[in-house]
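So the structure is just underneath, and the comments pick up after that.
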There are 2 protein chains.
Amino acid sequence: MVTSKTSSANELNLNKSQIDLVAKCFAALGDPVRLQLLQLLSERGEICSCELEGPLNKSQPTISHHTKVLVESGLIVGEKRGKWMWWKLNGQTFDIVRRTLGNL
Amino acid sequence: MVTSKTSSANELNLNKSQIDLVAKCFAALGDPVRLQLLQLLSERGEICSCELEGPLNKSQPTISHHTKVLVESGLIVGEKRGKWMWWKLNGQTFDIVRRTLGNL
DNA sequence: TTTATATATTGACATATATCAATATATGTG
DNA sequence: CACATATATTGATATATGTCAATATATAAA
């Protein structure tokens with residue numbers, strides 16, 4: 001039999017700064033516009049800012065604001081190609097968030 | 001071969017009101033104090049409000065506020081036993097949130 | 001019924017957030 | 001270079017949120 005040190009029923013207990021990071025992700029996910037944006041992103045794999053104003057029905061500065069929030073949470077990453085910003089999901093961060101949610 | 005009607009890479013596409021519901025859950029998850037609270041809840045299975053002030057280091061009204069936010073999102077449910085309020089996680093809501101996150 | 005205790009509500013305050021118009025910056029094209 | 005276009009930033013505004021003191025409500029005990 002393999003012995004293991006388990007502090008509680010759950011394997012991983014988050015410390016304060018880890019909690020803050022994940023909380024920031026959840027907060028970023030906690031807006032309908034950003035959820036729609038992420039859904040579009042997940043459907044297409046990659047999406048340009050210029051393709052978002054239509055479906056999201058928001059002004060250009062508002063779109064820019066939301067992408068910034070998502071970048072700062074680590075949920076998406078951006079790459080500039082010519083005049084266009086292309087966004088894609090950051091799988092690593094999503095994994096962390098999923099794992100956290102899975103342990104609740 | 002089984003044919004299936006897939007509108008996109010993802011199976012389920014959320015409509016506006018579904019998005020609002022899930023967004024409300026994520027917003028509820030997007031606070032460090034509430035994440036700590038949920039972690040305690042998940043460790044113990046059930047927890048009383050009176051057991052939260054200590055670990056969370058917040059005032060009684062603040063604890064009450066946070067439990068209310070979690071109830072209104074559907075993430076926890078409460079039951080009054082005598083003078084005490086006992087809280088537990090609502091697995092159904094967590095499943096919906098996990099499924100949504102899994103599809104992104 | 002009076003008293004003590006657990007929780008909820010109210011009110012106040014400071015901070016955060018979502019939104020857009022106006023403007024700035026960056027990049028490609030003539 | 002001058003111009004057009006895609007995105008970012010700034011400033012303003014309205015609304016939402018986290019927090020606690022004070023108070024109200026509910027429940028048990030004496």
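Chain A is the first sequence line, chain B the second, and so forth, proteins listed ahead of strands; every chain is numbered from 1.
For A:Cys48, the side-chain contact (heavy atoms from CB on, under 4.5 Å) test picks out A:Cys50, A:Glu51, A:Trp84, A:Trp86, with sequence neighbours left out. Under the side-chain hydrogen bond (donor to acceptor under 3.5 Å, both in side chains) criterion, A:Ser49 pairs with A:Trp87, not counting sequence neighbours. Here A:Glu46 pairs with A:Arg81 under the side-chain hydrogen bond (donor to acceptor under 3.5 Å, both in side chains) rule; sequence neighbours left out. Under the rule for a side-chain hydrogen bond (donor to acceptor under 3.5 Å, both in side chains), the partners of B:Asp95 that lie at least two apart in sequence or sit in another chain are B:Arg98. Partners of B:Gln60 by side-chain hydrogen bond (donor to acceptor under 3.5 Å, both in side chains), not counting sequence neighbours: none found.
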Identify all side-chain donor-acceptor contacts of residues 15-32 of chain B below 3.5 Å with residues at least two apart in sequence or on another chain.
| residue | atom | partner | partner atom | Å |
| --- | --- | --- | --- | --- |
| B:Asn15 | OD1 | B:Ser17 | N | 3.1 |
| B:Asn15 | OD1 | B:Ser17 | OG | 3.2 |
| B:Asn15 | OD1 | B:Gln18 | N | 2.9 |
| B:Asn15 | ND2 | B:Gln18 | OE1 | 3.4 |
| B:Lys16 | NZ | B:Asp20 | OD1 | 3.0 |
| B:Lys16 | NZ | B:Asp20 | OD2 | 3.3 |
| B:Gln18 | OE1 | B:Asn15 | N | 2.9 |
| B:Asp31 | OD1 | B:Val33 | N | 2.9 |
| B:Asp31 | OD1 | B:Arg34 | N | 3.1 |

Tell me, for nucleotides 10-25 of chain C in 5' to 3' order, what letter each nucleotide earns: B for a base near a protein heavy atom under 4.0 Å, S for only sugar-phosphate near one, - for neither?
--------SBBBB---

Would you mind building the protein contact string for nucleotides 25-30 of chain D? One character per nucleotide, 5' to 3', B for base within reach (heavy atoms under 4.0 Å), S for sugar-phosphate only, - for untouched.
-SBS--

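Here the P atom of nucleotide C:dA6 and the CH2 atom of B:Trp87 are 16 Å apart, to the nearest Å. Distance A:Glu79 CD to D:dT7 P: 13 Å, rounded to the nearest Å. As a whole-Å value, the separation of B:Trp86 CH2 from C:dA8 P is 14 Å. In this structure, B:Phe26 places its CZ atom 17 Å from P of D:dT17, rounding to the nearest Å. For the pair B:Glu72 CD and C:dA8 P, the computed distance is 12 Å after rounding to whole Å. D:dT17 atom C1' lies 14 Å from atom NZ of B:Lys24, rounded to whole Å.
In this structure, B:Thr62 contributes its side chain and B:Lys58 its backbone to no donor-acceptor pair below 3.5 Å.
Proximity of B:Thr67 to B:Met85: side-chain heavy atoms (C-beta onward) are nowhere separated by under 4.5 Å.
Listed candidates were C:dA8, C:dA6, D:dA8. Nearest to the side chain of B:Cys50 is C:dA6.
Residue contacts shown for A:Ser49 are limited to sugar-phosphate atoms, with no base heavy atom under 4.0 Å away.
Cluster partners of B:Val77: none. The rule joins Ile, Leu, Val, Met, Phe, Trp and Tyr whenever side-chain heavy atoms lie under 4.5 Å apart, and it links nothing here.
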